[in-house]
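Order of appearance sets the numbers: ligands from 1, and atoms from 1 within every ligand. Counting begins at 1 with the first residue of the sequence.
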Amino acid sequence: MAMYDEISAGAVLHIIEENFGIKYLILNYSYGHWDFPKGNIEIGETEIETIKREVMEETGIDDIKLIEGFRQQISYRYRKKSKIVNKTVIYYLAETTSNKVILSFEHINFAWLNFNHALEKLSFDNSKKVLRNANEFLTASKINNISTN
Ligand code: ATP
């Protein structure tokens with residue numbers, strides 16, 4: 001069967017809410033699954049340019065700040081008509097201060113969730129693993145910030 005590769009980039013996008021802590025943004029794809037905002041890397045784009053464009057297109061959020069030092073990739077296969085797609089998705093960690101979301105036609109719902117709820121809501125184990133690592137990275141860097149201030 002014919003195969004081809006697809007590469008997307010996406011964001012573990014979060015907001016830090018006073019009193020409520022870290023909330024992660026998860027989208028409900030029209031195929032049914034819940035996952036992070038992401039999309040295909042277009043020719044000539046850097047991974048970060050893709051993420052900024054896709055987050056803007058898929059959520060309307062345009063103030064994201066990329067957090068340095070976090071980059072993780074996952075891979076999966078799926079069937080598109082008569083072809084097998086070998087897909088890789090590269091995730092960065094990004095922060096926003098705006099929680100207002102305007103969805104595109106690609107998604108049917110969204111949720112800002114704390115770590116445990118986001119972990120439950122995500123549909124795939126590979127994305128859950130990315131969230132676990134992102135949450136550890138974030139909470140570890142917060143502790144470092146506190147102890148050096
Ligand atoms: P993109 O957001 O990158 O443009 P897309 O909306 O075209 O992607 P995917 O989200 O990759 O498509 O979904 C395509 C197929 O792959 C669906 O059948 C979905 O169930 C499956 N899929 C999506 N994410 C994963 C994953 N993390 N692990 C395994 N299968 C996945």
| query | Name the residues with a heavy atom less than 4.0 Å from ligand 1? | reply | Ser8, Tyr29, Tyr31, His33, Asp35, Lys38, Gly39, Asn40, Ile74, Tyr76, Tyr78, Lys87, Phe124, Asn126, Ser127
| query | Which distance, rounded to the nearest 0.5 Å, do you find between the OH of Tyr29 and the CG of Asn109? | reply | 13.5 Å
| Got a second to check how far Asp125's CG is from Leu119's CG, nearest 0.5 Å? | 9.5 Å
| query | Aromatic rings Phe124 and Tyr76: how do their planes relate, parallel, tilted or perpendicular, breaks at 30° and 60°? | reply | parallel
| field | Within-4.5 Å side-chain heavy-atom neighbours: Phe110 and Thr59 | value | no
| note | Gln73 meets the side chain to side chain donor-acceptor pair (under 3.5 Å) criterion, sequence neighbours left out, with none
| query | So does Glu49 pair up with Arg53, basic N to acidic O under 4.0 Å? | reply | no
